[in-house]
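Heads up: the structure comes next, in structure tokens.
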Protein chains: 2
Amino acid sequence: MALGKDYAAQDCSIARALEVVGERWTLLVVRDALYGVRRYNDFLVHLGIPRAVLASRLAALVDAGVLEKRPCPDAPRRHEYVVTERGRALWPTLRALSIWGRENFGDDRPLRYYRHAECGTEIGLAGECPACGRLVPLEDVEVLPGPGLDLDPADPVSRALIGPRRLLQPVRLDAAADPV
Amino acid sequence: MALGKDYAAQDCSIARALEVVGERWTLLVVRDALYGVRRYNDFLVHLGIPRAVLASRLAALVDAGVLEKRPCPDAPRRHEYVVTERGRALWPTLRALSIWGRENFGDDRPLRYYRHAECGTEIGLAGECPACGRLVPLEDVEVLPGPGLDLDPADPVSRALIGPRRLLQPVRLDAAADPV
DNA sequence: GACAGTAAGTTCAATGAATGAACCTGATAC
DNA sequence: GTATCAGGTTCATTCATTGAACTTACTGTC
């Protein structure tokens with residue numbers, strides 16, 4: 001990656017991390033992947049990202065071991081991008097960033113709630129459950145719509161993501177096509 | 001910020017956060033500010049960032065309320081950039097990102113350790129102390145050089161940052177000028 | 001079997017941002 | 001008064017991003 005050159009000189013893990021996920025759009029792609037978005041076209045319509053940039057970001061993330069590209073189980077010629085263990089490990093970062101964004105630049109009404117499915121407690125700053133005291137496996141994180149969330153968004157992926165649902169649960173567009 | 005436009009369409013706190021700190025270099029500037037770097041020239045030599053970009057990033061961060069620009073107490077015509085409460089609130093994000101970078105792209109030897117000064121416990125994923133169970137105030141975070149850290153770096157700011165020291169403790173270059 | 005449509009891209013010209021070097025300005029240092 | 005430093009600005013070049021158009025391979029539908 002040509003961009004990262006200068007970062008590399010830094011004696012710093014943050015700089016190394018930013019070489020991988022520091023480019024425009026990259027963290028939003030990872031966020032979507034953690035939400036369960038897997039297909040090129042789903043990323044495309046949900047993010048509103050230019051096609052060429054998406055292709056380049058996905059390739060870079062696969063290269064870095066954050067996503068895995070593999071053929072779709074049902075349609076062998078299609079493929080999907082699935083978060084690896086390394087990608088899942090970005091959840092604490094994204095959770096912390098999200099809280100910072102909400103507390104400093106959001107309006108009062110939260111967009112979404114994240115809860116530990118087993119005990120109902122809201123997930124903490126780094127993805128841990130304050131009640132259980134441990135990091136919650138992503139599959140056990142329940143995503144619920146908050147009062148600030150638009151419940152009738154234009155694109156089908158946003159509609160499929162309204163929830164309630166779990167993190168990592170693959171997005172299915174089939175049943176989401178009915179308007180009010 | 002012209003860049004952020006597309007992000008803004010997203011119903012998502014992460015996107016809002018990235019509008020503020022998502023540009024190239026920005027998070028590294030904040031990291032340095034949390035380390036105690038305050039002066040334009042110190043950011044410049046430590047980051048190796050182009051002057052124009054630094055000026056623009058600092059202005060944007062002041063604008064967003066992450067940094068505060070104020071006259072130097074000793075030299076009234078100079079000024080310094082100090083992290084605000086909002087800037088300090090980015091510490092959990094940076095801590096999580098740093099751990100991700102180290103665990104996934106670092107070599108085995110850590111560059112730095114972060115410890116709760118009062119009990120000596122290593123700081124957790126989101127800046128909390130696992131022993132005390134609470135977020136550690138940044139002034140109580142002790143930064144120690146790890147085995148992977150270059151102990152004789154070229155620029156004086158890196159030398160002043162070797163530590164041991166505390167987060168937020170202002171960088172002073174005066175005494176750091178003696179080579180081995 | 002022709003036609004339309006979808007998925008996952010690539011290519012291209014135009015725009016915008018990043019880079020590094022040079023310049024500027026006002027204060028201190030000698 | 002000459003040099004140096006802090007904190008910038010300006011400029012030409014390079015590089016990345018953007019949005020639109022094109023491509024290619026497969027999947028239905030009539």
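Numbers restart at 1 for each chain; the letters A, B, ... are given by sequence-line order, proteins then strands. Every heavy atom of this structure was used, including side-chain atoms; hydrogens, water molecules and symmetry mates were not.
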Practice problem: Please check the phosphate of D:dT17 (OP1 and OP2 only) for any side-chain N or O of A:Trp25 closer than 4.0 Å. | Solution: no

Exercise. Please report, rounded to the nearest Å, how far the P atom of C:dT10 is from the CD1 atom of A:Ile49.
Key: 14 Å

Quiz item: For A:Arg24 and C:dA18, what is the distance between atoms CZ and C1' respectively, to the nearest whole Å?
Solution: 14 Å

Self-check item: Sugar-phosphate, base or nothing in reach of B:Arg78, heavy atoms under 4.0 Å
Solution: sugar-phosphate

Quiz prompt | Side-chain donor or acceptor of A:Thr84 paired with backbone N/O of A:Gly65 under 3.5 Å | solution = yes

Quiz item: Checking all strands, does B:Phe43 fall into the base, sugar-phosphate, or nothing category for heavy-atom contacts under 4.0 angstrom?
Solution: nothing

Quiz item: Is there a path of hydrophobic side-chain contacts, each under 4.5 Å between heavy atoms of I, L, V, M, F, W or Y residues, that connects A:Phe105 with B:Val21?
Solution: yes

Quiz item: Taking the side chain of A:Arg39 as its heavy atoms from C-beta onward, which of D:dG7, C:dA8, D:dG19 lies nearest to it?
Solution: C:dA8

Quiz item: Of the nucleotides C:dA18, D:dT18, C:dG9, which one has an atom closest to the side chain of A:Val53?
Solution: D:dT18

Exercise. Taking the side chain as every heavy atom from C-beta outward, state whether A:His79 and A:Cys72 have any pair of such atoms under 4.5 Å apart.
Key: no

Quiz item: Starting at the 5' end of DNA chain D, which residue's closest nucleotide do you reach first, B:Tyr81 or A:Arg51?
Solution: B:Tyr81

Quiz prompt | Closest nucleotide among D:dG19, C:dG9, D:dA6 to the B:Asn41 side chain | solution = D:dA6

Quiz item: For the side chain of B:Arg31 and the backbone of B:Trp91, is there at least one donor-acceptor N/O pair under 3.5 Å apart?
Solution: no

